Amino acid sequence: MATLEATQRQAFRRQLLRWFDRYARDLPWRHTSDPYSIWVSEIMLQQTQVVTVERYYHRFLDRFPDVQSLASASEEDVLLLWEGLGYYRRARSMHRAAKQIVELFDGRFPNKFSDVRSLPGIGKYTAGAILSIALDQRHPILEANTIRLFSRLLGYRGDPLDREGQQLLWQFADQILPRKKVGRFNQALMEVGSLVCLPHDPQCHACPVRGTCKAFESGLQATIPSHKKKISYESLHEAAVIVRRGNKVLLRRCRSDERWAGLWDFPRFEITSKGAANRQSELRRKTEELTGIDISLAQNITTIKHGVTRYRITLECYAARYVAHKHRQRRSTQKWVSWSALSDYPLSVTGRKISRLKGPIFATQQPKS
DNA sequence: CAGGCGTGGTA
DNA sequence: TTACCAAGCCT
C-alpha cells in the first residue's frame, strides 16, 4: 500500500499550503461559502477549463441566484445560459436537482454528503468538492489534476483510471487530507496539479512537494501517469436542412437519445449519396423521415467542419422550402420559428453558426415547380 | 463498465 | 492539420 509517514504528511500539507498562499489563490471569481454557488461552478467545471467557465458562471448566477430561481425556471432558459459550454446533460441534471432540493430539502442545498451525492449530476468528486470548499467538511477529492499529481507522488505506473488505480488514489487523497482548512487544501492540490504538475512538461523545479514525489525521485515524471487510451476518430458526413416556410424556418428538438438532447436543431442526418440528383432525393427522403415534411429542391449554402466527442463531422448546410406535410409532429418536438426568434432557442454551436447565415438562406430563389 | 457526452485551447 | 487535454457523471 502506497502511503506517507505521519511526519511526511505534515510536511506535505505545510509545503502545499505555503505555496498556495504565495503563488496561487482561490478561484477569485467564486469567493463564497454558499454551497449553491460552489455547486454551479463545480458542475460547469466538469471537463471544462477554468477560463471558459468564468463568464458563464457570472451570467448564470446573475439570472439564477439561488436554488428557488433555478428550480422554477424552464429547462429552455437554463439551456440557453449553458449554450456553448457543452455536455448539456449537466445543465439538465442540475435543473432536475434544483427541483429535488426544493421538494426534499425545503429549497436549502443539503449539507450531508449522502444527500448531496444523491442529486443527479453529482458524483463523488463534485460532492466532496462542494462540501469541502463551501463548508470545510472533511471529504477527499480526485479529478484530472489530482489524479496526475498523486500518480506521480506515488510513482504509480499502472493505469490511474482503472479500478485498482482509482482505489489507490482515492485512498491516498483521504490519507493526506488535513482535519482543518480542508477546502483550501483541496483547492491547493488542484492548483499545483494544474499550474505545476503539468501533463507534458511538469515544472518539478517549482514544485512545493517534489520532496515527497517518487516520480521526481526516480526521474519518471515524464512517463507517469501512463498515457490514456488513444481515441479512435470517425469521420461523418452529415447534412442540415434549413426548411423555409414564409419567413419562418423549421426547428426540431433533439430527443434524449440523440446528441444535444434537449437542444433545438435544424433537421439533420447522415448523408451517403454521390451525385447531385441522388443527393437531392436523399435530402428529400430523409427530411421527410425525420420531420414528416416534404421539401423542394435544396440549395447548398455552406459547409461546416466540426468535431463532437470522437466524431469529425463535415456538415453540408442546405436551404429548401416547405412543400407539404406528410404527417404531423408534436409542437413540443418541432416548430416553425421566425429567424429573429432563433435567439430564444438553445442551439448547438453549429446550429448557432447556421443561425448567422440569414442572408444566404433567405436570398435563395423559389425554385420553379 | 466502456463508451457516450461538446467545445475550445494549445503544441 | 491533427492529437491531446480539460475541477466527471451516467448507463
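Just so it is clear: chains get the letters A, B, ... in the order the sequence lines come, proteins before strands, and each one is counted from 1. In this text, all values refer to a predicted model and were calculated from it rather than measured experimentally.
Computed from coordinates, the Lys305(A) NZ to dT1(C) P distance equals 9 Å when rounded to whole Å. Here dG6(B) presents its C1' atom at 13 Å from CD of Gln46(A), a figure rounded to the nearest Å. Taking atom CG on Leu198(A) and atom C1' on dA11(B), their separation rounds to 13 Å, with Å as the unit. In this structure, the CG atom of Leu195(A) is 13 Å from the P atom of dA6(C), given to the nearest Å. Note: OH (Tyr56(A)) to C1' (dG6(B)) measures 10 Å, nearest angstrom. Straight-line distance from the CZ atom of Arg92(A) to the C1' atom of dC5(B): 12 Å, rounded to whole Å. At whole-Å resolution of the value, CD1 in Ile313(A) and C1' in dT7(B) are 12 Å apart. The distance between atom NZ of Lys124(A) and atom C1' of dG8(C), rounded to the nearest whole Å, is 13 Å.
Within 4.0 Å of Arg148(A), counting heavy atoms only, lie sugar-phosphate atoms of the nucleic acid but no base atom. Among the heavy atoms of the strands lying under 4.0 Å from Thr126(A) are primed sugar atoms or P, OP1, OP2 only; no base atom is included. Using a 4.0 Å heavy-atom cutoff across all strands shown, Ala144(A) reaches sugar-phosphate atoms only and no base atom. Within the nucleic acid shown, Thr48(A) comes within 4.0 Å of at least one base atom, counting heavy atoms only.
Side-chain N/O atoms of Arg259(A) and Ser348(A) include no donor and acceptor closer than 3.5 Å. In summary, the side chains of Glu42(A) and Tyr125(A) do present a donor paired with an acceptor at a separation below 3.5 Å, with no hydrogens or angles considered.
Here Gln47(A) reaches the OP1 or OP2 of dG8(C): one of its side-chain N or O atoms lies under 4.0 Å away. Dashed line: the shortest gap from a side-chain N or O of Ser194(A) to OP1 or OP2 of dA6(C) is not under 4.0 Å. Distances shown here put a side-chain N or O of His200(A) below 4.0 Å from the OP1 or OP2 atom of dC5(C). Contact between the side-chain N/O atoms of Arg90(A) and the OP1/OP2 oxygens of dG6(B) is not found at any separation under 4.0 Å.
Using a 4.5 Å heavy-atom cutoff, the side chains of Leu131(A) and Phe113(A) are in contact. The side-chain heavy atoms of Leu168(A) and Phe150(A), taken from C-beta on, include no pair separated by under 4.5 Å.
Within the structure, no pair that satisfies the ring pair (Phe, Tyr, Trp, His ring centres under 6.0 Å) test touches residues 196-217 of chain A, not counting sequence neighbours. Judged as a ring pair (Phe, Tyr, Trp, His ring centres under 6.0 Å), not a single pair has a partner in residues 266-312 of chain A (not counting sequence neighbours).
Under the salt bridge (charged side-chain N to carboxylate O under 4.0 Å, His left out) criterion, Arg18(A) pairs with no residue at all, not counting sequence neighbours. With sequence neighbours excluded, the residues that form a salt bridge (charged side-chain N to carboxylate O under 4.0 Å, His left out) with Arg268(A) are Glu238(A). With sequence neighbours left out, the side-chain contact (heavy atoms from CB on, under 4.5 Å) criterion links Glu76(A) to Ser74(A), Arg253(A), Trp264(A), Tyr345(A), Pro346(A). In terms of the side-chain hydrogen bond (donor to acceptor under 3.5 Å, both in side chains) criterion, Ser218(A) has no residue partners (sequence neighbours excluded).
Heavy-atom distances under 4.0 Å link DNA chain B to no residue of residues 176-183 of chain A. Near DNA chain B, meaning a heavy atom under 4.0 Å from it, residues 75-88 of chain A has Gly84(A), Leu85(A), Gly86(A), Tyr87(A), Tyr88(A) in order of number. Of the residues in residues 35-45 of chain A, Glu42(A), Leu45(A) come within less than 4.0 Å of DNA chain C through at least one heavy atom, sorted by number. Within residues 341-356 of chain A, the residues having any heavy atom under 4.0 Å from DNA chain B are, by residue number, Ser348(A), Val349(A).
Spacing of P atoms, dC9(C) relative to dG8(B), comes out at 23 Å, to the nearest Å. Nucleotides dA7(C) and dA2(B) place their C1' atoms 23 Å apart, quoted to the nearest Å. Going from the C1' atom of dC5(B) to that of dC1(B) covers 16 Å, rounded to whole Å.
The aromatic rings of His325(A) and Trp336(A) lie perpendicular to each other, with more than 60° between the two planes, well past the 30° mark.
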Would you list the protein and nucleotides 2-4 of chain B atom pairs, both N or O, that sit under 3.5 Å from each other?
residue	atom	partner	partner atom	Å
dG4(B)	OP2	Arg310(A)	NE	3.2
dG4(B)	N2	Arg89(A)	NH2	2.6

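Centroid-to-centroid, the aromatic rings of Phe105(A) and Phe109(A) stay 6.0 Å apart or farther.
With side-chain heavy atoms closer than 4.5 Å counting as contact, directly or through intermediates, Tyr87(A) stands alone and belongs to no larger hydrophobic cluster.
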